[in-house]
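Okay, structure first, notes after.
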Amino acid sequence: MLVKLRLRVSSSIPRRICQRRFLLTNNTLSNPDESPILTAESPELPSWIKDFLSNKPSSSSSPPISDDEDFVIPSLAGWVQTQKLSQASPVNLAKKPTEDIDKVSDFLNKKDASYTDIVNELSSCDVVVSESLVLQVLRRFSNNWNQAYAFFIWAAKSQPGFNYNHSPLSYNAMVDVLGKCRSFDTMWRVLDEMSSELVTLDTMSKVMRRLAKAGKYNEAVDVFLEMERRYNVRTDTNAMNCLMDALVKENSIEHAHEVFLKLSDTIKPDSRTYNILIHGFCKARRFDDAMGLMKVAEFVPDVVTYTSFVEGYCKEGDFRRVDEILEEMRERGCKPNVVTYTIVMHALGKARQVGEALGVYEKMKEDGCVPDAKFYSSLIHILSKTGRFKDAAEVFEDMTKQGVSRDVLVYNTMISSAVHHSRDEMALRLLKRMEEEEEEGFCSPNVETYAPLLKMCCQKKKMKLLGALLQHMVRNDVSIDVATYILLIRGLCMSGKVEEACLFFEEAMRKGMVPRESTCKMLVEELEKKGMEEAKLKIQSLVQSLV
């Protein structure tokens with residue numbers, strides 16, 4: 001099939017398709033060449049959409065995703081009852097089922113106060129605490145550490161008769177939430193409360209990664225140096241690799257290299273150690289340093305090593321050098337793997353060398369390399385961006401026939417593609433289908449799943465659908481992060497829905513998520529244009545109080 005696709009793909013990619021993005025880039029949410037579709041909301045919707053949102057079994061079977069090219073998108077009004085976004089909590093738009101997780105959520109959303117106040121509020125919450133409930137709550141509130149920590153504290157002492165104690169899994173999840181929200185003082189307090197039997201390398205890896213993510217590179221190194229004495233976690237080769245990998249992934253090859261130079265005499269490096277460093281050097285375009293390390297290192301370069309160079313040169317756009325490395329790999333009996341080929345194909349597609357990108361599949365077959373979900377995701381993305389949406393949908397449907405299960409990345413790519421090509425109802429069907437496959441244990445939506453759908457709602461002023469999707473996120477334990485708030489605020493501003501943008505801005509600020517300066521400025525300017533002086537002063541005051 002891919003040979004056929006290669007012949008049909010145009011050599012020139014339409015400018016409109018190349019420029020359009022779904023997540024926030026360059027401080028814009030819409031293509032300047034295209035005006036958003038401002039359709040009115042009608043009172044009726046197909047029953048499957050109503051049933052889907054209300055979590056009922058579908059009363060009619062949903063059509064396949066390969067809709068006809070001339071399909072007219074119906075209005076998307078009926079997902080929830082007519083209601084406005086409430087200032088108290090934009091995400092709580094529908095009555096929740098009386099399950100334990102929803103009972104807990106109701107209590108946690110009652111107060112934006114200290115965790116002590118929330119703990120007191122939880123005293124009347126009649127749920128049976130279990131590890132699965134704790135983990136689900138921590139997922140749902142992973143961007144709201146105050147509520148998550150309040151529940152964590154309460155859960156440990158709420159029902160002594162049931163003899164519940166936090167497990168290593170729940171402790172690690174709590175530590176990760178606190179690190180993600182950069183509440184490091186509380187994170188250290190939780191760590192100090194854990195017994196030495198509960199603190200593992202997995203725990204400390206989460207700590208080191210969150211510190212590195214926050215740019216606290218030296219503190220991440222200090223954690224490693226102190227963890228054996230303080231928490232009885234061995235500082236061996238595996239632990240050193242975890243630290244170096246965290247530093248490299250968060251763009252500090254300098255700190256990773258310094259750790260290597262200081263510790264390699266006392267902690268024996270292995271092939272993974274060298275591959276982490278080589279990947280870091282290539283990521284930073286320091287190819288000479290990577291080559292130099294290969295010459296002095298006591299290990300044989302493997303497919304991971306070569307793939308690091310391939311990725312680095314792909315980012316440089318130096319495909320001649322990429323071909324040379326691939327040829328060298330074959331000569332040395334080190335066949336490229338699916339990761340190598342996915343990187344090359346994606347880079348070629350991004351460089352608008354579409355024919356060459358699709359030809360990568362033929363090279364894969366020659367090497368006996370089987371595509372995986374990430375490869376398919378990249379292929380779907382390239383086809384969509386080059387205007388071959390029907391082919392992208394065909395690839396999506398063909399995956400399982402080839403023995404490859406769809407994962408969250410594949411679904412996210414296909415949903416973005418559907419929105420990109422104004423197939424709004426198809427995108428919603430994909431979300432529904434994703435949820436059905438989740439029940440079978442395949443994948444569950446994440447925050448990236450919803451981003452293009454929320455953006456679409458903002459552009460087309462679908463406020464009821466927007467509220468419904470936010471509620472659907474909560475039901476799927478997807479925590480709204482600062483990037484989502486920024487998307488909502490900017491999208492609503494650009495669609496003239498400034499009042500709603502203010503509500504989301506205030507909620508983000510109450511949760512300690514401060515939108516970036518350009519977003520604050522945009523909202524203030526829109527309020528000025530509408531003469532909403534009082535609202536403008538309130539927004540400015542909120543920013544000053546937290547910054």
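All values below were derived from every heavy atom in this structure, side-chain atoms included, with hydrogens, water molecules and symmetry-related copies excluded. The shown structure was predicted, so the numbers you read here are calculated from the model rather than taken from an experiment.
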Using 30° and 60° as the class boundaries, would you call the ring planes of [X] and [Y] parallel, tilted or perpendicular?
X	Y	value
Tyr361	Phe375	tilted
Phe152	His166	parallel
Phe151	Trp154	tilted
Phe260	Tyr274	perpendicular
His381	His346	parallel

Flag the pair [X] / [Y] as yes when at least one side-chain heavy-atom distance between them is below 4.5 Å, and no otherwise.
X	Y	result
Ile382	Leu348	no
Thr235	Met240	no
Ile118	Ile153	no
Met174	Met194	no
Tyr164	Val134	yes
Lys157	Val119	yes
Phe287	Arg321	no
Tyr306	Pro301	yes

[atom1] of [X] to [atom2] of [Y]: how many Å apart, nearest 0.5 Å?
X	Y	atom1	atom2	answer
Ile480	Phe141	CD1	CZ	10.5 Å
Leu453	Ile415	CG	CD1	5.5 Å
Arg406	Leu430	CZ	CG	9.0 Å
Met456	Cys458	CE	SG	10.0 Å
Met227	Arg234	CE	CZ	10.0 Å
Lys216	Arg210	NZ	CZ	14.5 Å

Between [X] and [Y] (side chain of the first, backbone of the second, donor and acceptor by atom type, cut-off under 3.5 Å), is there such a pair?
X	Y	answer
Asn476	Val478	no
Asn109	Ser105	yes
Ser384	Ile380	no
Asn143	Ser479	yes
Arg140	Val474	yes
His257	Gly280	no
Ser183	Leu178	no

>> Go through it in stages, so that I can follow the logic: the residues are Tyr149 and Arg189, the test is side chain to side chain contact (heavy atoms under 4.5 Å, CB included), and I'd like the CA-CA distance, side-chain angles, deciding distance and then a yes or no.
In response: CA-CA 11 Å; Tyr149 185 55; Arg189 187 155 64 244; 3.8 Å; yes
> So which of Val223, Thr203, Asp222 actually passes side-chain contact (heavy atoms from CB on, under 4.5 Å) with Met208?
Replying inline: Val223
> Pick from Val410, Asp372, Leu379: which one makes a side-chain contact (heavy atoms from CB on, under 4.5 Å) with Met399?
Replying inline: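 In the set Val410, Asp372, Leu379, the residue that makes a side-chain contact (heavy atoms from CB on, under 4.5 Å) with Met399 is Val410.
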To check you understand the geometry: which heavy-atom pair defines the closest contact between [X] and [Y], and what is its length?
X	Y	value
Arg516	Arg490	NH2-CD, 4.5 Å
Glu311	His279	OE1-NE2, 3.4 Å
Leu191	Met204	CD2-SD, 4.3 Å
Ser308	Cys282	O-CB, 3.4 Å
Ser170	Leu135	CA-CD2, 3.8 Å
Lys180	Ser142	NZ-OG, 3.4 Å

Output yes when [X] and [Y] qualify as a salt bridge under the 4.0 Å nitrogen-oxygen rule, no when they do not.
X	Y	result
Arg286	Asp289	yes
Glu517	Lys521	no
Arg330	Asp367	yes

> Under the side chain to side chain contact (heavy atoms under 4.5 Å, CB included) criterion, do Lys374 and Val339 qualify, and how do the steps go?
Replying inline: CA-CA 8 Å; Lys374 289 183 175 61; Val339 177; over 6 Å; no
In this structure, are over 12 heavy atoms from other groups packed under 6.0 Å from [X] atom [atom1]?
X	atom1	value
Asp192	CG	yes
Arg285	CZ	yes
Lys283	NZ	yes

> Are Val322 and Asp318 close enough, and set up right, to give a side chain to side chain contact (heavy atoms under 4.5 Å, CB included), and what steps lead you there?
Replying inline: CA-CA 7 Å; Val322 169; Asp318 190 348; 5.8 Å; no
> Would you say the side-chain atoms of Ser205 and Asp202 include a donor-acceptor pair closer than 3.5 Å?
Replying inline: no
>> Please tell me whether Thr413 and Ser377 have a donor and an acceptor in their side chains that are separated by less than 3.5 angstrom.
In response: yes
> Stepwise, does the side chain to side chain contact (heavy atoms under 4.5 Å, CB included) test hold for Leu454 with Leu466?
Replying inline: CA-CA 6 Å; Leu454 296 175; Leu466 177 66; 3.6 Å; yes
